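Only heavy atoms go into these numbers, but all of them, side chains included; no hydrogens, no water, no symmetry mates. Chain naming here is simple, since letters A, B, ... match the order of the sequence lines and numbering starts at 1 in each. Computed from a predicted structure; not experimentally measured.
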Amino acid sequence: MAMVRLLNQLIGLYIREVKNTYKNPAIIALSVIQPLLWIVFFGSSFSYAPKSFLESFFHTDNYIAFLLSGQLSASMLFVGMFSSLSMIQDKKSGYLRRIMVTPTRNYIIFLAKVLGASTRGMLQVPIVFLSVMLFGVAIPEPFSLTAFIAALFLLSIGLSSIYLLITMKSSDWQIPTVISNFINLPLMFSSTALFPKENFPHWMQIISDMNPVSYSSTFGREIIISGNSISTNWVYFFYLFIFALVMIIIGMFAATKTLKIE
Amino acid sequence: MDDKIKSVKIDHAIICSQLTKTYGSQLAVDHIDLKIKYGSIFGLLGPNGAGKTTIIKMLTGLTTPSCGNAIVAGYDVAKDSSKVKEIIGWVSSEVILDDSLTSMENIWIQSKLHNLGKKWKEKAFTLMKYFELDGGDEKKKVGQFSTGTRKKLEITMALLHEPKILFMDEPTIGLDANTRRLLWNLIKKINKQFGVTILLTTHYIEEADVLCDNLAIISHGKIIARGSSQELKAMVGGDLLEIDFFKFFDLSVIKNIDGVIEIRQEEDDKKEEEEEDDKKEKPLKLFIKVKDAETILPALINTITNIQPNIIKSIRIEKPNLESVFLELTGMRINEVDENIDKQFYTKARG
Ligand SMILES: Nc1ncnc2c1ncn2[C@@H]1O[C@H](COP(=O)(O)OP(=O)(O)O)[C@@H](O)[C@H]1O
Ligand SMILES: [Mg+2]
């Protein structure tokens, strides 16, 4: 009975997140157009590079195939940032207060935000995959594709949780934007999202080896380049699973203890 | 448990004892004692910043009291806040809805939060019909509704789970006079029809007067008077004359007129620093409490003009009302306090 109640509250708030997303054209446009711009502009920057260079540097002759997994992984950083912005919006508009005068537990509010943000992050996946087909990238077989999307989902759950942690107590618009620059840029460039790590300096390789964005990038890249998951290293996937689990548990505790309206 | 305490708990929807909230060094709510009977409409009347919203926040379990305690519907708000939240409804002062969703979508989310199950739609339709809300406009986003309609929708949502107690924070702020009257009727209807106890806050004198069975007047976090509107007005014990003079004159002559109860000069901050001569040339405002304004006024005007003609600028008669109660207790009008707060705000913003 208590479980049913928790589930109902979670469903209510989760559907709210989803509905508010697809009724907001700006969010949709942003999550569709931004990845396309990445793929088109960044992906084209190696268009005239010699094939031999691409083969030796990226281990594929198609940079877009290399970039695809990295771009989708890196964009989960921004999905995470938007989750904390939407929390602040709910604080500022008073909606959080509306929720908190009902018998809804704080960790349910947190879970709904995390799941909502991660779902929002998945919006771009089909669009990006469809568009890279035009650049000659083959779509992996369904099981492997699903595994990659699941990895992205886990990554975005972990990252959204981190971002929501910083907005439990505060409702300052500046905080997520400032912090995102300190988290997003280092995590993006110290990961294998854009370039292989072989040429990184030692200290950056260490960060990269702990960086969840790297794990998702490399996991997905193996799948996309080979088209299947026969030779995929599943350690990456389990690392992401643990990362998501730990962050979500920390987040739920933090929400219970510290989530506040002002 | 003591039988006496038990019966108080059963009779009263809300009991506060020594309820206090401090923000830093500021006392927002200052040791408040309050008992509110089931089925009544209770009003907290006070100017901006008096602590009304903070009281509601504590009673709805949104913030924990710094000291003292409160029992709402039989449960301690600090210890059993989730039980309290199941039984209460809340209507915000600013309308808070998901503007890009339809009214049914907004209601559905609320029903999920209260775990209402399949009956939610039936309940929603009944309430919407009762409030003459147009449920037929299914595709229209809530953001396009008028403020009055949005307010009604919010009340519908607050009543969906059949709460015993409804909290309304400044329910008619920002509404035009017509919508305000409409809402007053609605609030009364809700109270009668559904037997819901209502605690509302307001800084509108008329609203408190028209709507509330019982009132507490609150200023700077303290309850400075309480009772029914009738009882409070009786406290004033006479009419109030507010007279503006062009300049200062000797007050002793009017003190002796039969029927004058009390004379008070408007407080002026800079009075101390001024020279006596200066003071004589300055305009003067007096609040004169009298037994009955109509009978005393001719004698009063006579006496004054006999000494010094053409000195009276304006006269205002105030029959006992809640405003004069507040004035009597604090030396200020409720909206004066608001203005002062605005002034403070602007000087802060500029400085
Ligand atoms: N979260 C807060 N932090 C600090 N001070 C607050 C907070 N909330 C309210 N106050 C202060 O407490 C006092 C009472 O505020 P409030 O309860 O909102 O008054 P009202 O609702 O009667 O206008 C005000 O002086 C306000 O500045
Ligand atoms: Mg208020």
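- Across all non-hydrogen atoms, the minimal contact from A254(A) to L165(A) is CB-CD2, 3.4 Å.
- Neither the backbone nor the side chain of L116(B) comes within contact range of chain A; no heavy atom of the residue lies under 4.5 Å from a heavy atom of that chain.
- Contact record, A255(A) with F110(A): CB-CB, 3.7 Å, taken as the closest heavy-atom pair.
- The distance from the OG1 atom of T102(A) to the CD1 atom of I88(B) is 9.5 Å, given to the nearest 0.5 Å.
- Chain B forms more heavy-atom pairs under 4.5 Å with one residue of M100(A), R97(A), R105(A) than with any other, namely R97(A).
- Only the side chain of I261(A) comes within less than 4.5 Å of a heavy atom of chain B; its backbone N, CA, C and O stay farther away.
- Comparing M157(B), E86(B), K83(B), E154(B) by heavy-atom pairs within less than 4.5 Å of chain A, the highest count is held by E86(B).
- Within a 6.0 Å radius of NZ in K260(A), no more than 12 heavy atoms belonging to other residues, nucleotides or ligands are found.
- Within the 4.5 Å cutoff, side-chain heavy atoms of I183(A) are placed close to those of Y163(A).
- Once rounded to the nearest 0.5 Å, the distance linking CD1 of I224(A) with CG of L68(A) reads 4.0 Å.
- Of the listed residues (Q110(B), K141(B), E94(B), E105(B)), the one with the most heavy-atom contacts under 4.5 Å to chain A is E105(B).
- Using a distance-only test at 3.5 Å, with no hydrogens or angles considered, a donor-acceptor pair links the side chain of T177(A) to the main chain of W173(A).
- The contact list for residues 51-69 of chain B toward chain A, using heavy atoms and a distance under 4.5 Å, reads T53(B), I56(B), K57(B), T60(B), L62(B) by residue number.
- Heavy-atom pairs under 4.5 Å with chain A peak, among S100(B), P163(B), S92(B), S111(B), at S100(B).
- Residue K123(B) qualifies as enclosed at atom NZ: its count of foreign heavy atoms under 6.0 Å is above 12.
- The shortest non-hydrogen separation linking V132(A) to I39(A) is CG1-CG2, 3.9 Å.
- Between chain A and the options L101(B), N106(B), D99(B), the largest number of non-hydrogen pairs under 4.5 Å is found for L101(B).
- Between S180(A) atom OG and L185(A) atom CG the span is 7.0 Å, to the nearest 0.5 Å.
- Contact annotation for I99(A): both backbone and side-chain heavy atoms come within less than 4.5 Å of a heavy atom of chain B.
- The minimum heavy-atom distance linking S118(A) with F153(A) is given by the pair CB-CE1, 3.5 Å.
- Looking at heavy atoms from C-beta onward, F129(A) lies in side-chain contact with V125(A) at the 4.5 angstrom threshold.
- Contacts from residues 69-94 of chain A to chain B, taken as heavy-atom pairs separated by less than 4.5 Å, involve S93(A), G94(A) in sequence order.
- Ring geometry, H114(B) versus H161(B): the interplanar angle falls under 30°, so the pair is classed parallel (tilted spans 30 to 60°).
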